[in-house]
There are 2 protein chains.
Amino acid sequence: MSFPDSKNAPPRITSTAELARHVGLARTTVSRVLNRQPGLKPSTIERVQKAIAETGFTPNAFATLLKGKGTSSVGICMENLLTPPLLRKLATLQRQLRGQGYTSLIEVYAPGESRTILRHFLSMRVEAVVFIGHFDAGELEARIRELLRHRVVHLVIDHHGIPHANTVTLDRAQAMRKMMDHLLALGHRSFGLLGIPLDHPSHLERIHGIRAALAAQGLDLQASARSFDAQCVRAQDFEFGHALARQFLALKQPPTAYVALNDEIAIGAMRAFQEDGLAIPRDVSVTGFNNQDICTMMAPPLTTVDQQIEPTIKAAMQVLMSHLRNGLPSRPILRTIPPEVIIRQSTGRAAR
Amino acid sequence: MSFPDSKNAPPRITSTAELARHVGLARTTVSRVLNRQPGLKPSTIERVQKAIAETGFTPNAFATLLKGKGTSSVGICMENLLTPPLLRKLATLQRQLRGQGYTSLIEVYAPGESRTILRHFLSMRVEAVVFIGHFDAGELEARIRELLRHRVVHLVIDHHGIPHANTVTLDRAQAMRKMMDHLLALGHRSFGLLGIPLDHPSHLERIHGIRAALAAQGLDLQASARSFDAQCVRAQDFEFGHALARQFLALKQPPTAYVALNDEIAIGAMRAFQEDGLAIPRDVSVTGFNNQDICTMMAPPLTTVDQQIEPTIKAAMQVLMSHLRNGLPSRPILRTIPPEVIIRQSTGRAAR
DNA sequence: ACGATTTCCGGACAGGTGTCCGCGTCAAGC
DNA sequence: GCTTGACGCGGACACCTGTCCGGAAATCGT
C-alpha cells in the first residue's frame, strides 16, 4: 500500500502478455477486456480491471497505432512560444482539437529546421499539420508542397500569401483601413507609422489598407504618412517604439496620429510622447495592434485592433475537420477573418 | 516537377517494402541504407537516397519505436498556456531537450484530467514527465506516485511541497525576504499585501519570508502587514490589483509599501494609486513578482522579483539528465533557485 | 448424467521496422 | 576457366496489439 519504499510493490507490467500471465488468463482474453468485447463473464472482467488498476498498466500506443490506420493526431508548428497572440491561438486550437479526439504534437520553428520538424510529423503519421505564425516564405512553401504530395491535410494560420496553401488569416488590410478611417474621422491628416515600412513586402497588406483609407479622403500615402524604420534597429519592441517616436519628435511638424505595428511598439511610443510633455490623446493619438492584456493596463488605455482569435480558430477547425472528413480540396482555401477595432482612450480629435 | 497538378507525381510510399519495390531492391537492403550499415556499394546507397529524396519517404516512427527500447521523448504537463513565465520555462526547456535529442510531448492540464494526460504519456512510453506550474496538490501527488511505481523519471517545476517528488522551484521565501529587506531599508514600516492572504496554505512560503524579514527588525506580521484578499473576487489580475488598492486607500492610515503577488496585480494597484493623486515612489512604493516585460514598460518601471528562468531550467535539465542516465535517486531531489530582486523606480524612501 | 451453452484458451495473422544469416550472383584477379 | 571476394537477396525472428476462429473446458439446465 505504501510504496515506493515497500518491498512488495506491484510488478511492472509493460505488455498484455505479462498482464495475462499475472492474472492467469490468456493474452487474448485480456485484450478483449481492454476493448470491451462481449462474451465475457463479469467476474473475469472485474479480475482483469482490478489488476490493471493495481499495476497501472498502459497498453503500448505504438503497437496500437501501428495497426490502426488513423493516429488521430495533428502536428502544430509554432513560430515561437513567446508571442502572446500566437499562444492564445495555440491554446484554443489545442483545446478544441482535444475536444474532437485529436492529440497535438507541438514543435517550435527554428530557421532551417522546418524540414526536420515536418519529417518528424510525417514519421509520426499525423493526419494534419498546422503552422501558426510567420515563417520564411520559401521554407514554408516547400513544406506545403511536401504535405500536398503526401496528401496530408494542412493549414497555415496568420502567414498569408503562400501558393497552394490553405490559409486562415486576419484581414490586415481591412484592419488598417478601419483604423485609418477612425483616425481620419477624428480629423487627423498626417500620420506616423511605427514599425510599418512603406515598401517592405512583408507589410504590403497593411500599407494597402492604409493607402485605401487615405485615397478615399483624396490623400496620398507618400505625402501624409511617414515611416522611420530604417533608422532604428528593432530588438525589444518597446524600446523600438520609443526610439521611433523620438525620431518623429525631432521633426519640425510631427504627425498628430501614430499607427504602430503592434501593442508593444505603440506603448513604447506613448511613453516617449509622455516623457516629452505631450498628452494623449489631446496632443497625439496612438494605436496598437493585437489587443493584448497590456492595452487596458495603460494610461490611457490603448486603442488597438483585436485579432478575433476565437473566430480565427473556429474557422481553422472548420477547415481542418472538413478536409479530414471529406478529403483534400481541389483548390486551396483562403479564409480571411474580419478584424475589429477596439476604440479606447489613446485616440482623440486632432489638435489643430 | 510541378505538382500538385501534374499527373506524373512521384508515388506515395509509406513503407520500406514499397520503397524497395520502387527502386528494385530488397527491403532489407533499403533498411541497411537507412541505418548506415556497412558493406554496401556506394552506387546503390546513392540510388536509394535519391528515391527517398524524390518520394519524401519517412519511416514509420511507430514501428521503429515499437522495436527500439528508448523513445527519447519526455512528456511536459503545463498548468496553462497563457501565463508568460510558464511559457518562457516551456520554451527554454523544450529547446534544451531538443538539443539533447529528446522530443517533447506537451499537454495542458485541466482539473481532473491529469490522470488521462499521464496515461497518454505512459502509453507513449516517455522516458520522463515534467510538470510546470501549480496544480491540485492531491492530484499531482497521485501522479507522482504513479510515475515512481512505473520507474519513470519525473520532475516538478514550480509547485513545491509534493511528497516524494523531485522538485525545482524558486525560493519564494527568500524572494519575499529580500524584497522586504529592501523596503525596510527604505524606511517602510507598514505594508499592504496584494493577492497574498496571511493564512492561505498555498502562499505560506511567501508569508514565511515576509515574517522573517519583519522579525529581524523586531516587527510583528499581524501588526505591520495587512491583506484584503477576502473582500475582492479575483478574475483579471489587473482589475483585482486595482480593487485591492482602493480598499487600502479607504483606510485612515494606509500602508506606505505594497507587495503584490505578481506584476499584473502590482500594476493594477499602481494605476489605482496614481488615479488617486498619489505619486510613485514619492508617496507609496509598489513591488511585483515575475519580472515580465511589462515591468519596464510602466511609468515608473516596476521593482520586482526575477524568477531566474535560465538557471531554473538549467537545474531542471541537470536533474533530468542525471536521472535518465544514472537511474532514479533513492530520495527525492529538491533544488531551490535563489531569486533576484530587480530594483527599479517604483520603490523609494518612505514618506513619513 | 447428458446435451446445450457459455466462457476461455491458444494459435494465427497483420502492421512496419531492424537485424541476423545462409545462399545466390556477378565481377575481378590469377 | 577457376577461385575469391564483394554484394545483394530473401527468409526468419522480435517488438506488441487487435481480431478471428476452432477447439477445449467449464457451467447450466433438465
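Nothing here was measured: the structure is a model prediction, and the numbers come from that model. Proteins come first, then strands; the chains are lettered A, B, ... in the order of their sequence lines, and each starts at number 1.
The distance between atom CG of B:L65 and atom P of C:dG16, rounded to the nearest whole Å, is 15 Å. As a whole-Å value, the separation of B:L66 CG from D:dC13 P is 18 Å. Between B:L40 atom CG and D:dG5 atom C1' there is a gap of 16 Å when expressed in whole angstrom units. For the pair B:N35 CG and C:dG18 P, the computed distance is 4 Å after rounding to whole Å. Per the geometry, CZ belonging to B:R32 stands 15 Å off P belonging to C:dT17, to the nearest Å. Atom CG in A:L34 sits about 9 Å away from atom P in D:dT17, given to the nearest Å. With rounding to whole Å, A:R21 atom CZ is found 11 Å from D:dT17 atom P. Atom NZ of A:K41 and atom C1' of C:dC9 are 13 Å apart (whole Å).
Base contact: B:K67 has a heavy atom under 4.0 Å from a base atom.
Annotation: of the two residues near DNA chain D, A:F57 and B:T44, the 5′-most nearest-nucleotide partner is B:T44. Nearest-nucleotide assignment on DNA chain D puts the 5′-proximal partner with B:P42, out of B:P42 and A:T64. Of the two residues near DNA chain C, A:A26 and B:P59, the one whose nearest nucleotide lies more 5' is A:A26.
A donor-acceptor pair is defined here as one N or O able to donate and one able to accept, closer than 3.5 Å; no such pair exists between the side chain of A:H160 and the backbone of A:T167. A:E107 places no side-chain N or O within 3.5 Å of a backbone atom of A:C77 that could act as its donor or acceptor partner. A donor-acceptor pair is defined here as one N or O able to donate and one able to accept, closer than 3.5 Å; no such pair exists between the side chain of B:E127 and the backbone of B:V74.
Annotation: side chain of A:V48 is in contact with side chain of A:L25 (closest heavy-atom distance under 4.5 Å). The closest side-chain heavy-atom distance from A:Q96 to A:Q100 is not below 4.5 Å.
Neither OP1 nor OP2 of D:dG18 sits under 4.0 Å from any side-chain N or O of A:Q37. The side chain of A:S31 places no N or O atom within less than 4.0 Å of a non-bridging phosphate oxygen (OP1 or OP2) of D:dT17. OP1 or OP2 of D:dT17 has at least one side-chain nitrogen or oxygen of A:T16 nearer than 4.0 Å. Side-chain N/O atoms of B:T28 include none lying less than 4.0 angstrom from OP1 or OP2 on D:dG10. In terms of phosphate contacts, B:T29 brings no side-chain nitrogen or oxygen within less than 4.0 Å of OP1 or OP2 of D:dG8. Under 4.0 angstrom from either OP1 or OP2 of C:dT17 there lies no side-chain N or O belonging to B:N60.
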Quiz: residues 128-141 of chain A side-chain donor-acceptor pairs under 3.5 angstrom, not counting sequence neighbours:
unit_1: A:D136; atom_1: OD2; unit_2: A:G138; atom_2: N; d: 3.2
unit_1: A:D136; atom_1: OD2; unit_2: A:E139; atom_2: N; d: 2.9
unit_1: A:E139; atom_1: OE1; unit_2: A:Y109; atom_2: OH; d: 2.9
unit_1: A:E139; atom_1: OE1; unit_2: A:G112; atom_2: N; d: 3.2
unit_1: A:E139; atom_1: OE2; unit_2: A:G112; atom_2: N; d: 3.3
unit_1: A:E139; atom_1: OE2; unit_2: A:S114; atom_2: N; d: 3.4
unit_1: A:E139; atom_1: OE2; unit_2: A:S114; atom_2: OG; d: 2.6

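Side-chain to base pairing of A:R27 with D:dG18: one donor and one acceptor N or O lie within less than 3.5 Å of each other.
Considering only the side chain of A:L25, C:dC9 comes nearest among C:dC9, D:dT17, D:dC9. For A:S15, the side-chain atoms get nearest to D:dT17 when compared with the rest of D:dT17, D:dG18, C:dG16.
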